[in-house]
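Only one structure is covered here, and it is reproduced in the block below.
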Amino acid sequence: MLQLNDNYQKLPGSYLFSTIAKKVAAYTSAHPDKTIIRMGIGDVTQPIAPAIIEAMHKAVEEMSVAESFHGYAPDLGYEFLRNAIVEHDYKARGCDISMDEIFVSDGAKCDSGNIQELFAPEARIAVCDPVYPVYVDSNVMAGRCGTYDEKTGMWSRVIYMPCIMENGFVPEFPGETPDVIYLCLPNNPTGTTITKAQLQEWVDYANKNGALIIYDAAYEAYISEGNVAHSIYECTGAKTCAIELKSFSKNAGFTGVRLGYTVIPKALVFGGVSLNAMWARRHGTKYNGAPYIVQRAGEAVYSKEGKAQLKEQVAYYMKNASLIHDGLKNAGYTVFGGVNAPYIWLKTPKHMTSWDFFDYLLTEANVVGTPGEGFGPSGQGYFRLTAFGTQENTVAALDRIRQL
Ligand code: MLT
């Protein structure tokens, strides 16, 4: 009889955002008269910028003519997009990254889940706690995390680096040396970040200990402070210890369009083996590339008009972030984040658990957020709100919360 991958059976419950969607659906079907404001999943609400829509229309037209039709995309992505990425995301920041170190994909979520295929089953991973659930769940599926303790909410083989109010949400070097370190900065879910000098310490630590950093820079466009790195390759020595994941979802509203890329420097070599070559082999075998139309849309993100329009979009969401941050603070909440990231992280009031506060907010204010505990045990007693809503809904949600 077929033997299944029983690591899947070890996963507790369903994916965090699926659980929340189910809870909200149950509430709305029982209370069809209520208007729900969604500040849970970090999904964007502003339409795709005009310069990008124009590029997509043009690409659609090209597909209708034999001479300009495009079939399978090149393995690593079209050169026009990889070139724009190199010029704008790296060269412009003084980072020496070349086109053949960029792998275009249909989004950072898939890449962050798939990248663990490169590591041995014995590899020990270290994660910030709380953390974007994909990093841990995908390693559980691969049998790398040991057993789950329901009481502590922890996996026996995962190294947790608590990021809590007491340490300013800055991960500390773990007692045990990990093989792979996941860092998401600016951080999802806490909305906080670390300075470039602090990131340099992580790069030095990884190089010294022979560890690999998976650096998720999905929220890079939201950085407002000058001492924060936009790419890990701004740090000296990062090319020998770090992979960087980038998304077009949050900076350009592509959550439904799907586009991202992963940077694997050629200098990234472990045990004499190039990770760039391994990922190229994997990419070529398992993936047929993001659609031509979408890659043209990605290219337009870097055009003069595209950049200006997206700057406005990011400012729109960050206005929401400061409204939520200040509004909650004035209402007596303890709040973090929202300065370099579109997430606000708050302490639940009256020592409520994260899920109790979720239910309370849903039923009493008809506002949906994300319970901190869903991101890991150190998220207990915290709650996340996203700034990706419309300004009208953000203001309305704050009014409702203030009246609680
Ligand atoms: C989140 O809400 O944490 C993100 O939207 C999830 C994602 O980017 O996949």
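Reckoned from all heavy atoms, side chains included, excluding hydrogens, waters and symmetry mates. Start at 1 and go down the list; that is how both ligands and their atoms are numbered.
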For residues N251 and L310, report the shortest heavy-atom separation together with the two atoms involved. O-CD2, 3.6 Å
Would you mind telling me if ligand 1 is within reach of the side chain of T255, the backbone, both or neither, using heavy atoms under 4.0 Å? neither
For ligand 1 and Y15, I'd like to know whether there is a polar contact (N/O to N/O, distance under 3.5 Å). no
Is K347 positioned over the aromatic face of Y333, cation under 6.0 angstrom from the ring centre and no more than 45 degrees off axis? no
Ligand-residue contact atoms, ligand 1 with G42, heavy atoms, under 4.0 Å: 1 (C), 2 (O), 5 (O)
Which one holds for F388 and ligand 1: side chain close, backbone close, both close, or neither close, with close meaning a heavy atom under 4.0 Å? neither
Proximal ligand 1 atoms for Y343, defined as those under 4.0 Å from one of its heavy atoms: 1 (C), 2 (O), 3 (O), 4 (C), 5 (O)
Which option, Y219, F375, Y132, owns the non-hydrogen atom nearest atom 9 (O) of ligand 1? Y132
In ligand 1, the atoms that come under 4.0 Å of a heavy atom of F17 are 1 (C), 2 (O), 3 (O)
Does the side chain of D204 come under 3.5 Å of the side chain of Q200 through a donor N or O and an acceptor N or O? yes
Option set K109, K250, R384, criterion heavy-atom distance to atom 4 (C) of ligand 1, minimum: K250
Could you tell me, atom by atom, which parts of ligand 1 come under 4.0 Å of a heavy atom of N188? 1 (C), 3 (O)
In this structure, OH of Y215 is separated from NZ of K246 (nearest 0.5 Å) by 10.0 Å
Indicate yes or no: at least one non-hydrogen side-chain atom of R384 is less than 4.5 angstrom from one of F375. yes
F119: what forms a ring-ring contact (aromatic ring centres under 6.0 Å, His included) with it, not counting sequence neighbours? none
Taking only heavy atoms of I41, which atoms of ligand 1 are found under 4.0 Å from at least one of them? 2 (O), 5 (O)
Can you sort out the partners of S156 under side chain to side chain donor-acceptor pair (under 3.5 Å), two or more places apart, ordered by chain and number? T147
